[in-house]
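Not measured: the values here are computed from a predicted model.
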Amino acid sequence: MTVHTPGADLPPGEERATIVLRPRAVRWAAYTTAVVVMAGMIGGAVLITSFQWGGRLGLLAVGVLVALFCHLEASVRVTARPRELEVRNLMRVRTLEWPEVLGISFPMGDPWAHLDLADGSTLPLQAIQRYDGRRAIAAAHQLQELVRERGEAPGD
């Protein structure tokens, strides 16, 4: 889990800066897979001489599509800004105001954590994945603390 806190030198009394949470193991696996698949497709396009140009370009196109999917998988993240929480999952980005978020849960057996929302629904956090072990649990605790700190409606 990569944690990035730009502007950590804020004056006293200012809200903490933006915090970005990303998975570590999944990013490594996704980019490694993309490189291996692209190398295989390029190798196939060059070495399989029975393919015409269309077949070779088809192999390369499949490799590019797999690499793009791997990049999508690796780009999941949670960005906690002072006034909002942005959740980037595999296919969707959702921005929430802090009062919309009630808490975070990390049910045993689930691959990733979930946000519990005020409307009664949950939102998966693919950026906090069980594969990251203690780092994921620490990120879930950090996010829960931010929910407590920033989730109160103004004036409460």
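Under a hydrophobic-cluster definition in which Ile, Leu, Val, Met, Phe, Trp and Tyr are linked whenever side-chain heavy atoms come within less than 4.5 Å, directly or via other members, L123 and I128 are assigned to the same cluster. Under the 4.5 Å side-chain contact rule for hydrophobic residues, L117 and W98 share a cluster. Under the 4.5 Å side-chain heavy-atom criterion for grouping Ile, Leu, Val, Met, Phe, Trp and Tyr, L68 is connected to I42 within one hydrophobic cluster. In terms of hydrophobic clustering, with Ile, Leu, Val, Met, Phe, Trp and Tyr side chains grouped at heavy-atom distances under 4.5 Å, V37 and I48 are assigned to a common cluster.
At distances below 3.5 Å, not a single donor-acceptor pair connects side-chain atoms of D132 with backbone N or O atoms of P23. Judged by distance alone, the side chain of N89 and the main-chain N or O of P124 form a donor-acceptor pair under 3.5 Å. When atom types are taken as modelled, the side chain of Q126 and the backbone of L90 share a donor-acceptor pair closer than 3.5 angstrom.
The nearest pair of heavy atoms linking T33 to C70 is CG2-SG, 3.9 Å. Here the shortest heavy-atom pairing between A30 and A74 reads CB-CB, 3.9 Å.
For the side-chain contact (heavy atoms from CB on, under 4.5 Å) with I104, the qualifying choice from L146, V78, V147, L125 is L125, the only one to do so. Residue L21 is tested with R77, R135, Q142 for a side-chain contact (heavy atoms from CB on, under 4.5 Å); the sole match is Q142.
Looking only at side-chain heavy atoms (C-beta outward), R130 and M108 come within less than 4.5 Å of each other. For the pair R24/Y131, no side-chain contact is recorded, criterion being any heavy-atom separation below 4.5 Å from C-beta on. For the pair Q129 and P111, the minimum side-chain heavy-atom distance is 4.5 Å or more. At a threshold of 4.5 Å between non-hydrogen side-chain atoms, the residues F106 and H114 do not count as touching.
In this structure H141 satisfies the side chain to side chain donor-acceptor pair (under 3.5 Å) test with no other residue, sequence neighbours excluded.
Residue F69 places its CZ atom among 12 or fewer non-hydrogen atoms of other residues, nucleotides or ligands, all under 6.0 Å distant.
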Could you walk me through whether E73 and V26 satisfy the side-chain contact (heavy atoms from CB on, under 4.5 Å) test, starting with their C-alpha distance in whole Å, then the side-chain angles of each, then the deciding distance to 0.1 Å, before giving a yes or no? CA-CA 8 Å; E73 184 66 40; V26 170; 3.6 Å; yes
Start with the C-alpha gap between L85 and T95, add the side-chain angles, then the distance that decides, and say whether side-chain contact (heavy atoms from CB on, under 4.5 Å) holds. CA-CA 6 Å; L85 182 68; T95 302; over 6 Å; no
Please lay out, stage by stage, how V101 and D116 fare under the test side-chain contact (heavy atoms from CB on, under 4.5 Å). CA-CA 6 Å; V101 181; D116 300 319; over 6 Å; no
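Rounded to the nearest 0.5 Å, atoms CZ (R56) and CE (M41) are 14.5 Å apart. Taking CD of E86 as the reference point, atom CZ of R94 lies at 12.5 Å (rounded to 0.5 Å). Put simply, CG on D119 and CD on E100 are 8.0 Å apart, with the number rounded to the nearest 0.5 Å. Between atom CD1 of residue I19 and atom CG of residue L143 there is a gap of 8.5 Å, rounded to the nearest 0.5 Å. Atom CZ in R81 sits 6.0 Å away from atom OG1 in T18 (nearest 0.5 Å). To the nearest 0.5 Å, atom CG of residue L57 and atom CZ of residue F51 are 11.5 Å apart.
Here side chain to side chain donor-acceptor pair (under 3.5 Å) pairs that include residues 36-52, with residues two or more places apart or in two chains, number zero.
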